[in-house]
Amino acid sequence: MKQIIPWISILIIATFLLTFKFLKVPPGIETDEGAIAYNAALISKTLHDQNGRFLPFFILSSDKIDWKQPVTIYSSAILFKLFGTSLSVFKLVNVFTALASLLMMSLVLRELFTEKLALIGSIIFITTPIFIIASRIGTEAITPLFFATSWLLSIVYFQKQKKSLFLVTTALSLGIGFYSYKGMRLIVPPWTILTGIYLYLSDTRKARTNLTTFLITLLPFFLITPVLENKYAGAVFDRRQFTLESYRHYIYYWFSNLEPSLIFVRGDMGRIFSVEKFGTFSLGALPFFLIGIKKVTEKNNFYTFVLIAFLITPIFFGLSGAMGDGHRLVAMMPAYIIITTLGAGVLFEKSTFKNITSRIIFTSLIIFFLAHTTNFIRYYFFVYPNLRETREAFQNTFNEAFYKLSQISSNNHLTPYIQDDVYYSHGEGIKFFETAYFKNPLLIWKPGQNLPPKSILLTQIKQIENLKTIEADISPLYILENEKTISPDSIRN
């Protein structure tokens with residue numbers, strides 16, 4: 001029982017970090033979130049996406065350019081079916097994905113390290129900046145973490161138990177992960193090659209059998225790409241025409257995505273993931289990571305495989321010109337955690353000796369890690385949401401307004417209207433709120449038109465003659481009502 005309590009505590013802390021100020025940080029939703037949520041809501045209700053396609057593999061957003069990947073959308077659709085459609089439920093999809101990744105990561109760490117070190121590694125995991133940032137945004141960016149962790153867990157279990165089942169789950173992690181996020185199209189191929197080499201070298205006597213099981217499970221995911229690309233033009237390879245560049249081109253992008261300042265210091269170039277001066281991974285854990293790398297190089301073992309996996313993850317990023325987007329490196333996080341935990345273990349062992357210098361160094365690094373983590377949490381939850389750049393990135397803050405409009409109109413039997421400028425302001429995000437909170441489409445109202453009796457209006461205009469303004473605290477929008485008085489009790493928070 002005593003062994004379980006620390007793990008329960010870590011799970012509670014992780015849940016708190018992912019749900020504290022749940023719908024306030026970030027302060028709204030952005031375009032991609034709106035498209036994913038809207039199509040997930042449609043599929044959960046009608047089995048068709050916004051383009052009328054029946055259970056499509058990929059979903060084309062309203063710009064007719066960007067294809068959304070199936071994993072996040074169908075996960076959201078399932079949760080909508082089980083728990084109802086709302087922004088809270090939608091946001092919980094990535095929270096559950098992150099927590100599931102944490103549980104798998106803890107299993108990996110417990111297989112590789114002592115209980116104490118596994119706990120240290122899990123703490124580093126849940127306080128990693130990109131883990132918190134990506135899990136609180138309803139895009140596909142956190143899904144690679146789930147499949148990367150599942151991949152490594154399967155390999156660790158196969159290494160320990162030599163069961164073919166884990167070769168199958170290894171392949172499934174790569175195969176499904178290939179379609180979970182566009183960036184995974186560039187990450188899964190080198191991981192596949194590395195896995196094949198590892199399976200061959202780890203047991204040459206059974207290499208043919210192991211590789212056959214692995215490849216038979218995985219290859220169908222690759223072989224269907226021409227069919228999918230033909231049916232959903234541009235969905236698999238993003239309409240890119242790959243041209244052979246100089247080797248210097250690919251090395252430049254490869255090394256640029258391994259740049260320490262990007263990984264540990266500089267904010268993400270993607271505006272919705274950018275938290276200024278905080279890197280993808282924690283700067284406070286950098287000393288442990290560097291010591292872990294040194295430890296790996298001393299002996300050729302499973303940790304060598306992990307380090308190689310970390311280093312080759314962005315090797316093909318030059319094919320898409322991806323650079324400076326820290327959220328694309330989420331898939332590297334499990335390998336980073338293993339190496340960092342290994343480094344922490346080296347210092348932890350030395351600190352138990354009577355060498356006072358080792359104890360001082362270890363204590364100082366722990367203090368630095370805690371100070372940096374505290375600084376990030378303070379900045380992210382209390383400074384970041386109020387920045388102009390953040391509010392520009394997450395402009396759609398209308399969830400509460402739509403919810404209150406639905407409650408008031410339903411409780412008082414009023415016909416809901418919405419001002420045209422509001423309805424057309426944020427694309428699929430507005431349509432998601434409409435689909436989530438109203439049984440029927442909202443009626444459009446234009447300034448200057450009369451609002452019919454027994455109607456209610458969501459508008460940017462604070463006061464209109466002959467209409468009553470309802471106190472709802474949804475600035476910059478207002479709810480106006482015609483003819484009927486509404487009691488404050490009808491507004492449910």
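- Distance check: I339 CD1 to L307 CG gives 4.5 Å after rounding to the nearest 0.5 Å.
- Within the 4.5 Å cutoff, the side chain of L117 has no heavy atoms near those of the L112 side chain.
- Taking both residues in full, the closest heavy atoms of I137 and P26 are given as CG1-CG, 3.9 Å, listed atom of the first, atom of the second, then distance.
- Considering I13, T15, L99 in turn, I13 is the only one that fulfils the side-chain contact (heavy atoms from CB on, under 4.5 Å) rule with I126.
- Residues L365 and F288 meet the side-chain proximity criterion, which asks for heavy atoms closer than 4.5 Å.
- When atom types are taken as modelled, the side chain of E140 and the backbone of Q69 share a donor-acceptor pair closer than 3.5 angstrom.
- No side-chain donor-acceptor contact under 3.5 Å links T204 to the backbone of L201.
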Original post:
Stepwise, does the side-chain contact (heavy atoms from CB on, under 4.5 Å) test hold for S106 with W7?
Top reply: CA-CA 9 Å; S106 67; W7 292 107; 3.5 Å; yes
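- No donor-acceptor distance shorter than 3.5 angstrom exists from the side chain of R266 to the backbone of P260, with no hydrogens or angles considered.
- With sequence neighbours excluded, no residue forms a side chain to side chain donor-acceptor pair (under 3.5 Å) with T149.
- Take R110 and apply the salt bridge (charged side-chain N to carboxylate O under 4.0 Å, His left out) test, not counting sequence neighbours, and it matches E115.
- Within 6.0 Å of atom NZ in K24, 12 or fewer heavy atoms from other residues, nucleotides or ligands are found, so the atom counts as exposed in its surroundings.
- T363 contributes no side-chain N or O that, together with a main-chain N or O of I360, makes up a donor-acceptor pair within less than 3.5 Å.
- Counting only residues at least two apart or in different chains, salt bridge (charged side-chain N to carboxylate O under 4.0 Å, His left out) contacts with residues 183-194 are absent.
- Annotation: N301, atom CG; neighbour count of heavy atoms from other residues, nucleotides and ligands within 6.0 Å is above 12.
- Counting heavy atoms from C-beta outward, N399 and Y437 have side chains that approach closer than 4.5 Å.
- With a 4.5 Å cut-off on side-chain heavy atoms, H327 and I130 count as touching.
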**OP:** Walk me through it: do F317 and Y253 pass the test ring-ring contact (aromatic ring centres under 6.0 Å, His included)?
**Re:** CA-CA 6 Å; F317 278 21; Y253 279 96; 9.2 Å; no
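- Judged as a side chain to side chain donor-acceptor pair (under 3.5 Å), and not counting sequence neighbours, E389 has no contacts.
- Atom CZ of F381 sits about 8.5 Å away from atom NZ of K21, to the nearest 0.5 Å.
- The backbone N or O of Q407 lies less than 3.5 Å from no partner atom in the side chain of S410, so there is not a single donor-acceptor pair.
- Checked against the 6.0 Å centroid criterion, the rings of F376 and Y379 do not qualify as a close aromatic pair.
- Within the structure, ring pair (Phe, Tyr, Trp, His ring centres under 6.0 Å) contacts touching residues 83-120 (residues at least two apart or in different chains) are F113-Y303.
- The minimum heavy-atom distance linking V89 with G84 is given by the pair CG2-O, 3.5 Å.
- Interatomic distance, CD1 of I315 versus CH2 of W254, reported as 4.0 Å (0.5 Å rounding).
- In K116, the NZ atom is not crowded: 12 or fewer heavy atoms of neighbouring residues, nucleotides or ligands sit closer than 6.0 Å.
- The salt bridge (charged side-chain N to carboxylate O under 4.0 Å, His left out) pairs that include a residue from residues 284-297 are K294-E298, K295-E298, where partners are two or more places apart or lie in different chains.
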**OP:** Using the ring-ring contact (aromatic ring centres under 6.0 Å, His included) rule, take Y157 and F166 through it: C-alpha gap first, then chi angles, then the decisive distance, then the call.
**Re:** CA-CA 7 Å; Y157 276 165; F166 298 118; 5.3 Å; yes
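- A donor-acceptor pair under 3.5 Å is formed between the side chain of S44 and the backbone N or O of A41.
- In this structure a side-chain-to-backbone donor-acceptor pair under 3.5 Å is missing from N375 to A371.
- Note: F222 and F178 have perpendicular aromatic rings, judged against thresholds of 30 and 60 degrees for the angle between ring planes.
- For S61, the side-chain contact (heavy atoms from CB on, under 4.5 Å) partners at least two apart in sequence or on another chain are A35, D63, D66, K68, E428.
- Applying the side chain to side chain donor-acceptor pair (under 3.5 Å) rule to N94 yields no partners; only residues at least two apart in sequence or on another chain are considered.
- Residue pairs satisfying the salt bridge (charged side-chain N to carboxylate O under 4.0 Å, His left out) criterion with at least one member in residues 361-371, sequence neighbours excluded, are absent.
- Considering OG of S150 and CG of L174, their distance stands at 8.5 Å, rounded to 0.5 Å.
- Checked by atom type, the side-chain pair N210/Y200 shows no donor-acceptor distance below 3.5 Å.
- Q159 and Y198 share a donor-acceptor pair across their side chains, judged by distance under 3.5 Å alone.
- Both tests pass for K162 against the ring of F158: distance under 6.0 Å to the centre and angle within 45° of the axis.
- Considering only heavy atoms from C-beta on, M184 comes within 4.5 Å of W191 through its side chain.
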**OP:** Show your reasoning for whether ring-ring contact (aromatic ring centres under 6.0 Å, His included) applies to W151 and F214.
**Re:** CA-CA 12 Å; W151 170 59; F214 172 69; 9.4 Å; no
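- Applying the side-chain contact (heavy atoms from CB on, under 4.5 Å) rule to I123 yields the partners I10, F369; only residues at least two apart in sequence or on another chain are considered.
- If you take CZ on F402 and OG1 on T435, they are separated by 10.0 Å, rounding to the nearest 0.5 Å.
- No side-chain donor-acceptor contact under 3.5 Å links T213 to the backbone of S164.
- Annotation for P27 and P385: closest pair CG-O, 4.0 Å, computed over non-hydrogen atoms.
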Original post:
Run the side-chain contact (heavy atoms from CB on, under 4.5 Å) check on N386 and R391 step by step: do they pass?
Top reply: CA-CA 7 Å; N386 301 315; R391 294 198 170 276; 3.7 Å; yes
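- Under the side chain to side chain donor-acceptor pair (under 3.5 Å) criterion, R205 pairs with no residue, sequence neighbours left out.
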Original post:
ring-ring contact (aromatic ring centres under 6.0 Å, His included) between F398 and F433: does it pass, once the steps are laid out?
Top reply: CA-CA 8 Å; F398 299 159; F433 295 145; 7.8 Å; no
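- The aromatic rings of H372 and F278 sit tilted relative to each other, their planes meeting at an angle between 30° and 60°.
- L228 pairs by the side-chain contact (heavy atoms from CB on, under 4.5 Å) definition with F57, F58, Y179, I224, Y232, V236, not counting sequence neighbours.
- Side-chain N or O atoms of R136 include one that pairs as donor or acceptor with a backbone N or O of F20 at under 3.5 Å.
- In this structure, L283 CG and F289 CZ are separated by 12.5 Å, a value rounded to the nearest 0.5 Å.
- Under the 3.5 Å distance criterion, the side-chain polar atoms of T225 are left unmatched by any main-chain donor or acceptor of F221.
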